[in-house]
Amino acid sequence: MFCDACGAAVQPGQAFCSRCGKQVGPVTAMQLRPGRVQGHLHLLGILWLAISAFNTIGGVILYVVANTLFAYLHEMGAPPETPTGFLRSLLSVIAIFILAKAACGFLAGWGLLQRESWARVIALVLGFISLFNIPFGTAVGVYTLWVLLPAQSQQEYEALAASRAA
C-alpha cells in the first residue's frame, strides 16, 4: 500500500504516512461496476412491457375491425364475390396471435424486471420473433439479443436470478 499524496510505502494498519504525515484511511473495497446484463435489464423489461402494450392495442383493434367491418361488408355494398368469411377468419386469427405475443411480452417484461430465471428464455424467443416487426419490434429484438444472447450474459443472468431467489 502506498500514500496517495507522496507515494511512500505505508504499512498495513498504519494511520499516518511516515514521510508526509497524511492520514491514511482504511482501505475500502471499490464498488464493482454492474455487469452488462444488470445495467440493461431494467430498460429491457420496460421496453418489453411498452411494446406489448402497443401490440395489445393493435390486436384488439384488428379483432374488432375483423368482426364488425367484415361481418357487415356485404350489407355495405361490397361485391358478392368478396370473401368476407375468409377475411374475417384470417384477421381474427392474426389478431389472436398478436394478442398472444403481447401476453408473452408482458410476461417476459415482468419476469425480466423481477429477475425470474425463466424470463430470459421467453425474452430471447420473443426477440427472434420481433425481428420481423419493423421498425420498433426489430429494434427491441436486436437489443434483446444483444443483451441476453451471449454465453457470458447467460451466466450473469443466472447469477442475478439466483441472488434474487436467495
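Just so it is clear, the values below take in all heavy atoms, side chains as well, and ignore hydrogens, waters and symmetry mates. Along the sequence shown, residues carry numbers from 1.
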Please report the shortest heavy-atom distance between A119 and L112, naming the atom on each side. CB-N, 3.5 Å

Verify same cluster id: I51, L43 (apolar side-chain graph, 4.5 Å): yes

ring-ring contact (aromatic ring centres under 6.0 Å, His included) partners of residues 135-166, not counting sequence neighbours, each pair once: H40-Y143, H40-W146

Side-chain donor or acceptor of S52 paired with backbone N/O of F106 under 3.5 Å: yes

With the 4.5 Å side-chain cut-off for hydrophobic clustering, are V65 and I57 part of the same group? yes

Cluster partners of V60, using ILVMFWY side-chain heavy atoms under 4.5 angstrom, listed by chain and number? V64, L99

Starting at OH of Y63, measure out to CD1 of I94 and round the result to the nearest 0.5 Å. 13.5 Å

Determine whether S92 and S89 make a side-chain contact, defined as any pair of heavy atoms from C-beta on separated by less than 4.5 Å. no

Please assess W48 against T144 for the test side chain to side chain contact (heavy atoms under 4.5 Å, CB included), listing each intermediate value before the final yes or no. CA-CA 9 Å; W48 274 112; T144 300; 3.0 Å; yes

In one Ile/Leu/Val/Met/Phe/Trp/Tyr side-chain cluster, 4.5 Å: I129, F97: no

To check you understand the geometry: which heavy-atom pair defines the closest contact between A102 and T56, and what is its length? CB-OG1, 3.3 Å

Does the S153 side chain pair with the main chain of V147, one donor and one acceptor, at a distance under 3.5 Å? yes

Between L131 and L145, does a side chain to side chain contact (heavy atoms under 4.5 Å, CB included) hold up when you go through it step by step? CA-CA 10 Å; L131 291 175; L145 298 178; 3.9 Å; yes

Are L124 and I46 linked, directly or through intermediate hydrophobic residues, by side-chain heavy-atom contacts shorter than 4.5 Å (ILVMFWY only)? no

By the side-chain hydrogen bond (donor to acceptor under 3.5 Å, both in side chains) test, which pairs, at least two apart or in different chains, include something from residues 111-125? E116-R164

Measure across I98 and N55 and return the closest heavy-atom pair with its distance rounded to 0.1 Å. CG2-O, 3.3 Å

Nearest heavy-atom approach of L148 to A123 is CD1-CB, 3.8 Å

Do V125 and I122 belong to the same hydrophobic cluster, where Ile, Leu, Val, Met, Phe, Trp and Tyr are linked whenever their side-chain heavy atoms lie under 4.5 Å apart, directly or via other members? no

Distance only, no hydrogens: is a donor on one side chain within 3.5 Å (strictly under) of an acceptor on the other, for Q152 and E156? no

Check L126 against A108 and note the closest heavy-atom contact, atom names and distance. CD1-CB, 4.1 Å

Under the side chain to side chain contact (heavy atoms under 4.5 Å, CB included) criterion, do L49 and L113 qualify, and how do the steps go? CA-CA 10 Å; L49 291 174; L113 290 174; 3.6 Å; yes

For the backbone of T138 and the side chain of S130, can you confirm whether one donor and one acceptor N or O come within less than 3.5 Å of each other? no

Tell me, with the steps shown, if Q154 and V37 meet side chain to side chain contact (heavy atoms under 4.5 Å, CB included). CA-CA 9 Å; Q154 177 183 4; V37 173; over 6 Å; no

Nearest heavy-atom contact between A66 and L91 is CB-CB, 3.5 Å

